[in-house]
K.L.:
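This structure is in structure tokens; I'll ask about it shortly.
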2 protein chains.
Amino acid sequence: MCDRGAELVSSAELADGSGTTAAQVRKDLSNFGSFGKRGQGYAVEELRARLESILGLVRPRRVAVVGAGKIGSALLGYRDLTSRGFEIIVAFDIDPDKVGRTVFGVPVLPMNELEHRLAADGIEIVILATPPAVAQEVANRVTSAGVAGILSFAASKLETDGSLAVRWMDVALELEGLSFLISAATNGVEEP
Amino acid sequence: MCDRGAELVSSAELADGSGTTAAQVRKDLSNFGSFGKRGQGYAVEELRARLESILGLVRPRRVAVVGAGKIGSALLGYRDLTSRGFEIIVAFDIDPDKVGRTVFGVPVLPMNELEHRLAADGIEIVILATPPAVAQEVANRVTSAGVAGILSFAASKLETDGSLAVRWMDVALELEGLSFLISAATNGVEEP
DNA sequence: ATGTTCTTGTGAACTCTTTCACAAGCCTCG
DNA sequence: CGAGGCTTGTGAAAGAGTTCACAAGAACAT
Ligand SMILES: NC(=O)c1ccc[n+]([C@@H]2O[C@H](COP(=O)([O-])OP(=O)(O)OC[C@H]3O[C@@H](n4cnc5c(N)ncnc54)[C@H](O)[C@@H]3O)[C@@H](O)[C@H]2O)c1
Ligand SMILES: NC(=O)c1ccc[n+]([C@@H]2O[C@H](COP(=O)([O-])OP(=O)(O)OC[C@H]3O[C@@H](n4cnc5c(N)ncnc54)[C@H](O)[C@@H]3O)[C@@H](O)[C@H]2O)c1
């Protein structure tokens, strides 16, 4: 909307564009203050700035990827992250064939430099893209290196202290969700 | 648990392993019938079978990937999907350099064969991994081909009729969530 | 048999989220 | 300047989802 030069946007328009309702948009935003203009809507540029600050993206977040395999490499080439406020600074891998290369402009470093470089580069978020079997071990090292958040692609439970935020992305789980919806829409539940 | 040969599992154990509470597990399962054994727990093998049938995964679901780029190719090599009940049968791309090849054992076909092959191969779910700009167009074609669900990696709104289920996976959105949690844990919201 | 120990299944209570509905405020136009 | 048209912000109502707490049953030892 900023790019299109729109000045104002109503809660109804925002709701439309994001699959929710106008009341929901207003209620949600009101949790962070009241910065709309009655009779007008929200000033687009101000709203953008507010959301940026609510999300903690006033400065770009510094991100590292651990595991430069299939999914890890794909992420290293995911250009859109920059425009959403994230910079992938560095990647790590244990495979000697991968270490030392540069993938989509991002250097792949060996695991023995992990803690040192996470700290030196001021990494705030680690994207975990190793096999599930080693995810816990990597998470431990990342935690002790003082990183603030982990986004894990490994579908394994991670035991962490409360000192960092953890989220998962699980493709199979989403497919299961789709499968459930599809079943519900057609057969209903099929007896086992 | 089946592999480990466990016979029975309690709601408390299930809760433990999945980050929820025992009461929640029981309430959720009770929505689909009552198949636990009082005093004992749930029979592991029966529970597996029930969940499989609830999720509609008694038979593997047939999946196609559209867009064999960075993320699309990674998915074609995602072996764990098979064990979770999904078979990636085929991929499609518009780039002549990609069409005709086989990526991780999956053939990449040209877009002009899309509708025909989706139908011929009995594809139920399409994973959308094209640039966002063409996602809507592809979604339209996929819809009219009678596919039942779409999992989109493109962070663009898709307009679809109610005939299919749609889900999104948005890496940047998850990172934004992490960033918010991190901010909340440290500064609080920073003024814009 | 009976008592003990366990764990499910589930109403009822509680908490959290969403929707409703309208006063308050801003802008434009006559 | 006041009326009319919009849209926000927000209490209150309605609706969902979660947790509590306990009766009902199952196994097993005595
Ligand atoms: N491929 C996909 O599309 C996909 C999709 C979703 C999730 N996942 C998950 O993401 C993870 C990675 O999957 P992938 O398909 O990219 O696998 P992959 O084998 O291609 O990549 C894994 C990478 O991790 C590296 N690695 C192994 N042990 C390591 C260690 N101890 N420390 C650091 N690096 C180590 C390997 O050298 C390899 O480069 C898995 O947990 C997988 O389940 C994959
Ligand atoms: N790279 C990542 O890690 C990543 C992560 C999450 C989401 N995404 C999203 O996934 C999508 C793909 O990203 P990518 O990084 O793989 O890009 P990419 O450019 O590597 O791949 C896109 C592929 O789509 C093909 N394509 C283009 N137009 C097409 C059309 N009309 N029909 C069929 N195929 C077409 C291209 O030939 C290319 O192979 C984008 O929407 C991106 O935002 C990417």
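Naming convention: chains lettered A, B, ... in sequence-line order (proteins, then strands); numbering from 1 in each chain. Only heavy atoms go into these numbers, but all of them, side chains included; no hydrogens, no water, no symmetry mates. Keep in mind that what you see is a predicted model, and the values were worked out from it rather than measured.
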K.L.:
Below 4.0 angstrom from OP1 or OP2 of D:dC6, is there any side-chain N or O of A:Y42?
P.N.:
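Answer is no, no contact under 4.0 Å.
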
K.L.:
Less than 4.5 Å apart, side chain to side chain, heavy atoms only: is that true for A:Q24 and A:D28?
P.N.:
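Sidechains of A:D28 and A:Q24: in contact.
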
K.L.:
Show the nearest heavy-atom pair for residues B:K98 and B:D93, with the distance to one decimal.
P.N.:
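In this case the closest contact between B:K98 and B:D93 is CD-OD2, 3.8 Å.
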
K.L.:
Within less than 4.0 Å of OP1 or OP2 of C:dT19, is there a side-chain N or O belonging to A:T21?
P.N.:
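Looking at the OP1 and OP2 atoms of C:dT19, one of them is under 4.0 Å from a side-chain N or O of A:T21.
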
K.L.:
For B:S10 and for B:K27, locate the closest nucleotide of DNA chain C by heavy-atom distance; then report the residue assigned to the nucleotide nearer the 5' terminus.
P.N.:
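Its nearest nucleotide lies further toward 5', so the answer is B:S10.
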
K.L.:
Could you tell me whether the side chain of B:K37 has a donor or acceptor atom within less than 3.5 Å of a complementary atom in the base of C:dG9?
P.N.:
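Side chain to base: no pair present.
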
K.L.:
In whole angstroms, how far is the P atom of D:dA26 from the CG atom of B:L8?
P.N.:
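Answer to the nearest Å: 14 Å.
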
K.L.:
Atom CD of B:Q40 and atom P of D:dA24: how far apart are they, to the nearest Å?
P.N.:
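Atom CD in B:Q40 sits about 19 Å away from atom P in D:dA24.
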
K.L.:
Below 4.0 angstrom from OP1 or OP2 of D:dT8, is there any side-chain N or O of A:S11?
P.N.:
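Affirmative; the distance criterion is met.
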
K.L.:
Looking only at side-chain N and O atoms, does A:R26 come under 4.0 Å of OP1 or OP2 in D:dT8?
P.N.:
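For A:R26, the contact criterion (side-chain N or O under 4.0 Å from OP1 or OP2 of D:dT8) is met.
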
K.L.:
If I take atom CG in residue A:L29 and atom P in nucleotide D:dT8, what distance separates them, rounded to the nearest angstrom?
P.N.:
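Those two atoms, CG and P, are 10 Å apart.
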
K.L.:
Taking atom P of D:dC28 as reference, at what distance in whole Å does atom CZ of B:R38 sit?
P.N.:
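About 18 Å, once rounded to whole Å.
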
K.L.:
When you check the gap from the basic side-chain N to the acidic O, do A:R62 and A:E124 get nearer than 4.0 Å?
P.N.:
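A salt bridge is absent here (no side-chain N lies under 4.0 Å from a carboxylate O).
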
K.L.:
Do B:R61 and A:S183 meet the criterion of a side-chain donor-acceptor pair at a distance under 3.5 Å?
P.N.:
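Yes.
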
K.L.:
Taking CD from B:Q24 and C1' from D:dA16, how many angstroms apart are they, rounded to a whole number?
P.N.:
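My rounded result for the distance is 12 Å.
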
K.L.:
Under the side-chain contact (heavy atoms from CB on, under 4.5 Å) criterion, do B:K70 and A:S73 qualify, and how do the steps go?
P.N.:
CA-CA 8 Å; B:K70 293 184 282 286; A:S73 305; over 6 Å; no

K.L.:
To the nearest Å, give me how far apart CG (B:D28) and C1' (D:dA16) are.
P.N.:
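Value for this atom pair: 13 Å.
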
K.L.:
Take the protein atom CD of B:E13 and the nucleotide atom C1' of C:dT8, then report the distance between them rounded to whole Å.
P.N.:
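For the pair B:E13 CD and C:dT8 C1', the rounded distance is 14 Å.
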
K.L.:
For A:F32 and D:dT8, give me the distance from atom CZ to atom P, rounded to whole Å.
P.N.:
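Interatomic distance, CZ of A:F32 to P of D:dT8: 18 Å.
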
